[in-house]
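Values reported hereafter were calculated over all heavy atoms of this structure, with side chains retained and with hydrogens, waters and symmetry mates removed. In what follows, every chain begins at residue 1, and chains take the letters A, B, ... in the order their sequences are listed.
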Number of protein chains: 2
Amino acid sequence: MTAESTRKSYHHGELPQALREATLAILAELGPEGFTLREAARRVGVNHRAVYRHFEDKRSLLAAVAEEGYRSLAVLLRAAVEATGSPSDVAERLVALCEGYLRFARGEPARYQVMFGPRLNSDGRFPSLELAIQEALLVLREELRKAGPASSSLARRDAGITLWSAIHGFSSLVLTQKVPLSERQLSRYVDTVMRPVVRGVLMTLARQ
Amino acid sequence: MTAESTRKSYHHGELPQALREATLAILAELGPEGFTLREAARRVGVNHRAVYRHFEDKRSLLAAVAEEGYRSLAVLLRAAVEATGSPSDVAERLVALCEGYLRFARGEPARYQVMFGPRLNSDGRFPSLELAIQEALLVLREELRKAGPASSSLARRDAGITLWSAIHGFSSLVLTQKVPLSERQLSRYVDTVMRPVVRGVLMTLARQ
DNA sequence: ACCTGAACACCGTTCAAGT
DNA sequence: ACCTGAACACCGTTCAAGT
């Protein structure tokens with residue numbers, strides 16, 4: 001069942017990475033509720049106690065995976081806006097960003113739910129996690145600076161939160177099947193739902 | 001510790017209601033992760049197996065609580081729009097609805113997280129839950145009908161999903177502390193974040 | 001009809017070793 | 001330094017009774 005040949009190979013700092021990968025696999029297969037620390041250890045072929053050498057507890061392992069997720073999200077969002085090939089059409093770029101965001105959430109729903117669920121928001125643990133979130137948000141704010149170069153940075157921050165709220169909320173409703181959405185109509189429907197938000201935000205920003 | 005005097009009093013269909021109340025209390029005290037079926041049973045003073053007489057499993061009890069939550073939300077939203085005293089200023093009413101929504105989420109965060117988290121979105125179980133969600137959404141769509149009486153019902157549906165996404169997303173980000181928000185600035189900041197969405201949605205609806 | 005008790009196969013986490 | 005084994009106090013759920 002487990003890969004016997006790799007049993008003895010986690011002696012050079014490879015175990016943390018192997019555990020992160022196992023966590024991703026479990027999340028993909030069993031969802032956020034199905035993840036257990038013991039199953040992650042089982043998959044990489046170590047005693048479950050070995051996990052505690054590298055992660056303080058279960059949440060800490062999930063936080064590490066979430067942090068990687070935020071970095072992937074930032075990369076994907078940047079790629080999505082660049083892929084439009086429209087350096088100046090900010091509305092187009094923002095809608096593309098939203099589509100990228102939803103595709104990210106949909107691609108690995110359980111990971112997204114860990115990233116944005118209630119699991120990790122305790123106290124001030126995981127400061128590097130907060131940092132990674134802010135970096136992902138930065139992509140959004142850079143686009144908004146192009147839209148309203150004369151606007152205040154506070155106004156852009158608020159505009160960013162509006163857009164983020166809308167696309168995060170939409171993704172969340174789609175993931176929990178409150179809003180049905182097939183792959184075929186995804187692009188078109190993201191446009192229908194998010195275009196009004198983009199319009200409203202850009203209008204508000206232009207007035208500042 | 002537990003109320004000895006109530007031990008013998010669940011013989012007339014009161015147990016289900018008592019369990020729902022205990023669930024709410026546990027969610028409020030310990031959060032969504034802290035809820036267990038056994039603790040709920042403990043609090044009402046019955047063996048944990050007794051729960052299965054009335055609820056198929058743990059999820060089923062949570063679903064019942066979520067369903068009640070959707071009904072409360074619908075009532076609260078209706079009250080919030082009426083409290084504006086502006087029968088014709090739809091933008092004002094929608095912003096008030098958003099503030100009510102956020103206050104609901106904030107008032108009982110764990111319950112909100114159960115309602116909108118990944119816990120209950122399995123298969124086609126709990127059809128009455130879906131119904132309750134749709135009823136809550138109806139408040140939003142009624143307001144939108146006032147905004148664009150000439151618009152198609154499909155356009156209003158989409159506009160409703162846009163608004164719902166934005167306020168749900170904003171609530172979720174506030175609840176998981178991705179966006180800090182103190183009680184003092186709540187009203188003002190809901191306006192800042194949601195007004196652009198309301199504007200964009202109303203503009204789009206008027207064009208149809 | 002409604003509730004209980006014992007049992008099963010799991011958890012996350014702690015303590016005390018092993019190499 | 002890194003991993004293991006046994007133990008603890010929990011879970012949700014099943015089976016077979018009890019009144």
Novice: C/dT4 P sits how many Å from B/H54 NE2, rounded?
Specialist: 10 Å
Novice: May I ask you to decide whether A/E68 forms a salt bridge with A/R111, counting only side-chain N to carboxylate O separations under 4.0 Å?
Specialist: no
Novice: Calculate the interatomic distance between B/R38 atom CZ and C/dT4 atom C1'; express it in whole Å.
Specialist: 13 Å
Novice: Quick check for you: among C/dG12, C/dT14, D/dT14, whose closest atom lies nearest to any side-chain atom of A/R49?
Specialist: C/dT14
Novice: Any strand is fair game: report the nucleotide pairing with C/dA1 by Watson-Crick or G-U wobble, both distances under 3.5 Å, or none.
Specialist: D/dT19
Novice: With the side chain of B/N47 defined as its heavy atoms from C-beta on, choose the nearest nucleotide among C/dG5, D/dC11, C/dC11.
Specialist: C/dG5
Novice: Salt bridge check, B/E142 against B/R145: does any charged N sit closer than 4.0 Å to a carboxylate O?
Specialist: no
Novice: Please tell me which of B/E39 and A/R53 maps to the more 5' nucleotide of DNA chain D, matching each residue to the nucleotide holding its nearest heavy atom.
Specialist: A/R53
Novice: Side chain of B/A50, heavy atoms from C-beta onward: which of C/dT13, C/dT4, D/dT4 has the nearest atom to it?
Specialist: C/dT4
Novice: In whole angstroms, how far is the P atom of C/dC10 from the CD1 atom of A/I26?
Specialist: 14 Å
Novice: Are OP1 or OP2 of D/dC10 and a side-chain N or O of B/R42 less than 4.0 angstrom apart?
Specialist: no
Novice: Can you find an N or O donor on one side and an acceptor on the other, under 3.5 Å apart, linking the side chain of A/H48 with the base of C/dT13?
Specialist: yes
Novice: Can you tell me how far CZ of B/R141 sits from CG of B/L163, rounded to the nearest 0.5 angstrom?
Specialist: 12.5 Å
Novice: A/D57 CG to C/dC11 P: how many Å, rounded?
Specialist: 17 Å
Novice: Do A/Q134 and A/E130 have a side chain donor and acceptor closer than 3.5 Å?
Specialist: no
Novice: Please state how far atom CG in A/L61 lies from atom P in C/dT13, giving the value in whole angstrom units.
Specialist: 11 Å
Novice: Using the six-membered ring wherever Trp is involved, compare the ring planes of A/Y101 and A/F116 and label them parallel, tilted or perpendicular (cut-offs 30° and 60°).
Specialist: tilted
Novice: Tell me whether the OP1 or OP2 atom of C/dT13 has a side-chain N or O from A/Y52 closer than 4.0 Å.
Specialist: yes
Novice: Rounded to whole Å, please give me the gap between NZ in A/K58 and P in C/dT14.
Specialist: 14 Å
Novice: Taking pairing as Watson-Crick or G-U wobble with both contacts under 3.5 Å, can you name the mate of C/dA9, or confirm there isn't one?
Specialist: none
Novice: Rounded to whole Å, please give me the gap between CZ in B/F55 and P in C/dC3.
Specialist: 12 Å
Novice: Using atom CG of B/L19 as one end and atom P of D/dG12 as the other, report the distance to the nearest whole Å.
Specialist: 13 Å
